[in-house]
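Down below is the structure, laid out as structure tokens.
Just so it is clear, the model here is predicted, and its values are computed rather than measured. In what follows, every chain begins at residue 1, and chains take the letters A, B, ... in the order their sequences are listed.
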Amino acid sequence: MDVKRTISDLQDFYSLSLHGLLGIAGRPFYFKDALLQMDYAGAGSVVIVVIVDLFVGMALSLQLAAELSSLGLKMYIGMIVGISVVRELGPVVTALVFTGRVGAGMASELGSMALGHQVDTIRVFGLDPVKKLVTPRIVSSLIMLPALTVIGVAVSLLGGYYIAVFVSHQSGTVYWTSIRNILTVENVLAGASKPFIFAYLISSICCYMGLSTRGGSVGLRQATTRAVVMSIVMIIVADFVLTRMLLYVLGFSV
Amino acid sequence: MIRFEEVNFAYGARSVLRSVSLSVGFHERVAVLGGSGEGKTTILKLILGLIRPDTGSIIIDGDDITRRSESELRETRMKFSIVFQEGALFDSLDVKENVAFCLREYTDMSEDEINARVRHILASVGVEQALELMPEELSGGMHRRVSIARSLALDTPRMFLYDEPTTGLDPVNADNICGLIAELSKNGKGFIMVTHKVSDALKVADRFIFLRNGSLLFDGNRHELLNSDHPDIMIFINEVCIQGPSGA
Ligand SMILES: Nc1ncnc2c1ncn2[C@@H]1O[C@H](COP(=O)(O)OP(=O)(O)OP(=O)(O)O)[C@@H](O)[C@H]1O
Ligand SMILES: [Mg+2]
């Protein structure tokens, strides 16, 4: 009985995420809704992404400086910070921040719409709630999370630079040269493909959880919690799988 | 024509409707009466295909909607206009945008035309002063009236569905809404009004359906209702007799 339920829920989820994505191509496309979502998801998240990524970059640089200076290898700080931030930390940390701010918002907003019969009203008006509500959110995430990731990575590298130069007394030129050296096509691709996958995962999980909310404010709490927890777990798991695949495809030897 | 054939419906293990059969024409003015939790709202949701019966069929204009997919239901749903029990206004949009929602979706009116139409509709339900307010700033009665206004925006529906349109309103407001409902049904568009207030039902409807334990206890006209000797129905009617029926 429970297995059957889980399978049917999974089916619903796949169908929602698929139709949500395909909605980009079909008419009508709710451009204005997508724009509003982009404003909320993108412009509204810049400050928090900057703060979090700045401190992650600084902490990483500080740890490396402490460890590498005893070995006399401080000139490698830039390289290690660069690779970790571009390929791994930047995309993942930004996606986690995005989940907490935007994903939770999506789930609770759609959840309260579902509870207040607003989603039913959309259906009664003859509109497709997936096109009207889910597609604009997927689109806005697919555009905004990569953009935020670029900003986040840049800020992290700046944070690393600040620690390397002003705290650990490295040469700034060495730092930026090693950063430039690691910005190869492979490294950039390995980092840049992740936010698109993460954005799709976050938006479809959170929209699905929101729309399937039942049972009043307790149900809303559960739906939001589940949306955030699922998204975080999926981001971390997907990150590992993606890293494994990308390293293989891009020809890194492990 | 809406036809229920042996419809059974349960929420999980809780049976709500038990082999309900009835048919209602699009022009009829029907009141569905019954106590709280008897499945009145459930009937409206079934008509709109928002939920599906466990067994039995629901046939609307000869089309069995229980076999239709979500996208195929669109055409059926457009034949109706519903005012939900909770009003269900879009709480992120102001009153004007709520009422304009369907106009923007289905017509290519200019901004000026939309403005004029929204003002006109809001005035007809007596809440034109609420134009710029957000739903959370409305009182219960205003909320209800704005929902009615929103359901009037398009001319296309052939039948109105009202879920408890007068519950929780003061007598003056309730009377206004009954007047509005009666007014709207004059041009041949019928309605199904769900309520547990017999007095309001008597003001506007001419067919009465009484729901009890998931089945139809009574289905008849005003005269038959008022002369019914079924004890459960008499309890409901006595409430009116004590207050003094206004239309009977
Ligand atoms: N989403 C739901 N999940 C589970 N049970 C439900 C749900 N909605 C309604 N029910 C149950 O179904 C029964 C019928 O509900 P319905 O909303 O149709 O009642 P109603 O006649 O409209 O009552 P009221 O006059 O209070 O609005 C009730 O016993 C209710 O507890
Ligand atoms: Mg009800």
Review point. Of all heavy-atom pairs between A/Q118 and B/D91, which one has the smallest distance, and what is that distance?
Key: NE2-OD2, 3.1 Å
Practice item. Taking all non-hydrogen atoms of both residues into account, name the closest pair between A/Y30 and B/E105 and its distance. Key: OH-OE2, 2.9 Å
Review point. In a check of side chain to side chain contact (heavy atoms under 4.5 Å, CB included) between B/L50 and each of A/V119, A/T121, A/V124, which one passes?
Key: A/V124
Point to revise | CZ/A/R244: more than 12 non-hydrogen atoms of other groups inside 6.0 Å | key: no
Point to revise | B/R119, CZ atom: more than 12 neighbouring heavy atoms under 6.0 Å | key: no
**Study point:** Which atoms of A/K131 approach chain B - backbone, side chain, both or neither, heavy atom under 4.5 Å
**Key:** neither
Review point. Should we say atom CD of B/E111 is surrounded by more than 12 heavy atoms from elsewhere, each under 6.0 Å from it?
Key: yes
Exercise for review: Please say whether more than 12 non-hydrogen atoms of neighbouring residues, nucleotides or ligands are located less than 6.0 Å from CD1 in A/I48.
Suggested key: no
**Study point:** Smallest separation among heavy atoms of A/G116 and B/A88, with atom names
**Key:** O-CB, 3.3 Å
Review point. Under 6.0 Å from the OH atom of A/Y162, do we count more than 12 heavy atoms belonging to anything else shown?
Key: no
Point to revise | B/E86 side chain vs A/H117 backbone, donor-acceptor pair below 3.5 Å | key: no
Exercise for review: Please round to the nearest 0.5 Å and tell me the distance separating atom CG of A/L127 and atom CZ of B/F101.
Suggested key: 5.0 Å
Point to revise | B/L73 versus chain A, the contacting section by heavy-atom distance below 4.5 Å | key: neither
Study note, to complete from the structure: CZ of B/R74 to CG of A/D128, rounded to nearest 0.5 Å, is 9.5 Å
Exercise for review: Find out whether A/F125 and B/R150 are in side-chain contact, i.e. whether some heavy atom of one side chain is under 4.5 Å from a heavy atom of the other.
Suggested key: yes
Review point. Is the count of non-hydrogen atoms from other residues, nucleotides or ligands lying under 6.0 Å from B/R3 atom CZ greater than 12?
Key: no
Practice item. Please report the shortest heavy-atom distance between A/R123 and B/E70, naming the atom on each side. Key: NE-OE2, 2.9 Å
Point to revise | Residue B/M142 excluded, over 12 heavy atoms near CE under 6.0 Å | key: yes
Exercise for review: Give a yes or no on this: more than 12 heavy atoms of other residues, nucleotides or ligands lie within 6.0 Å of atom OH of B/Y11.
Suggested key: yes
Exercise for review: Please flag which part of B/F84 lies under 4.5 Å from any non-hydrogen atom of chain A: side chain, backbone, both or neither.
Suggested key: side chain
